[in-house]
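The structure appears right after this line, and notes come after that.
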Amino acid sequence: MKKVLIGLLIVVLVPVVALVVIGRVFFPDNIAESAPDGGEKGIRTLYLKEDRERVADISRRILKEMRTEVWGGEWRIVSEESNEKVTRFRVEVPVVFFTDDLVVTIREDEGKTIVDARSSSRVGKSDFGENARHIRQYFALLESATGGRPMK
């Protein structure tokens with residue numbers, strides 16, 4: 001009986017420890033955000049030709065229809081703030097048993113609409129790249145819906 005328990009413990013414990021080590025080494029944090037230069041995760045801020053209101057309308061539709069690429073859970077807009085300068089969406093993104101938070105900020109500056117996003121995990125120290133995937137998925141759909149490549 002002891003051998004069976006030790007064997008079962010090894011079969012369960014070794015993969016869990018391996019996942020934790022891999023997560024901490026290759027994905028050392030649980031936050032991803034866009035930046036003008038791409039930042040450390042290479043996610044560049046979007047600069048679009050459409051006006052802010054149109055980009056916000058497209059984003060609202062996209063965010064309501066999105067599902068996580070890997071896990072298939074539906075994204076849910078939990079709040080929207082808008083004034084004459086900025087539109088901000090707060091979105092919950094389900095990942096297995098956890099929820100990630102995505103904040104999308106849309107603003108206008110010098111004739112361009114600027115879109116930034118930040119995705120973070122509520123728990124844990126590593127996200128295995130999931131938060132970066134959220135932003136890349138949203139940006140790809142937004143670029144497609146607004147007619148192609150962003151402005152430089």
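The first residue in the sequence is number 1, and the count goes up from there.
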*Please report the C-alpha distance between S59 and F89 in whole Å, then the side-chain angles of each, then the deciding distance to 0.1 Å, and finally whether the side-chain contact (heavy atoms from CB on, under 4.5 Å) criterion is met.*
CA-CA 9 Å; S59 290; F89 295 98; 3.9 Å; yes

*Might you work through the side-chain contact (heavy atoms from CB on, under 4.5 Å) test for D100 and L102, ending with a clear yes or no?*
CA-CA 7 Å; D100 292 344; L102 175 73; over 6 Å; no

*asked:* Determine whether N131 and I31 satisfy the following criterion, side-chain contact (heavy atoms from CB on, under 4.5 Å), listing intermediate values before the conclusion.
replied: CA-CA 6 Å; N131 287 299; I31 297 171; 5.9 Å; no

*asked:* Is there a side-chain hydrogen bond (donor to acceptor under 3.5 Å, both in side chains) between T45 and D116? Walk through the geometry before answering.
replied: CA-CA 5 Å; T45 298; D116 274 307; 2.5 Å; yes

*Applying side-chain contact (heavy atoms from CB on, under 4.5 Å), run through K64 and I77 and close with a yes or a no.*
CA-CA 7 Å; K64 287 179 181 178; I77 297 174; 3.8 Å; yes

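Between A145 and R61 the shortest heavy-atom distance is CB-NH2, 4.0 Å. The minimum heavy-atom distance linking T99 with E92 is given by the pair CG2-CB, 3.8 Å. Considering all non-hydrogen atoms of both residues, L63 and W75 come closest at O-CB, 3.6 Å. The two residues F139 and I43 have their closest heavy-atom pair at CE2-CG2, 4.0 Å. Nearest heavy-atom pair across A132 and A32 is N-CB, 3.5 Å.
For the atom pair CD (E143) and CZ (R136), the distance works out to 12.0 Å, reported to the nearest 0.5 Å. Within the model, atoms CZ of R44 and OG of S34 stand 11.5 Å from one another, a figure rounded to the nearest 0.5 Å. Rounding to the nearest 0.5 Å places CZ of R107 at 10.5 Å from NZ of K112. In this structure, CE on M66 lies 3.5 Å from CD on Q137, to the nearest 0.5 angstrom.
V103 is not connected to L141 by any chain of hydrophobic side-chain contacts under 4.5 Å among Ile, Leu, Val, Met, Phe, Trp and Tyr, and they are in different clusters.
I58 is listed as a side-chain neighbour of T146, based on a closest heavy-atom distance under 4.5 Å. With a 4.5 Å cut-off on side-chain heavy atoms, Y138 and V91 do not count as touching. Counting heavy atoms from C-beta outward, L142 and V115 have side chains that approach closer than 4.5 Å. Between T113 and Y47 there is no side-chain heavy-atom pair separated by less than 4.5 Å. Using a 4.5 Å heavy-atom cutoff, the side chains of R52 and S82 are in contact. Inter-residue side-chain proximity for I106 and V86 is flagged as unmet; no heavy-atom pair is nearer than 4.5 Å. Proximity of R122 to D101: side-chain heavy atoms (C-beta onward) are separated by under 4.5 Å at one or more points.
Within a 6.0 Å radius of CD in E53, more than 12 heavy atoms belonging to other residues, nucleotides or ligands are found.
A salt bridge (Lys or Arg N to Asp or Glu O under 4.0 Å) with E80 holds for exactly one of R90, R60, R88; it is R60.
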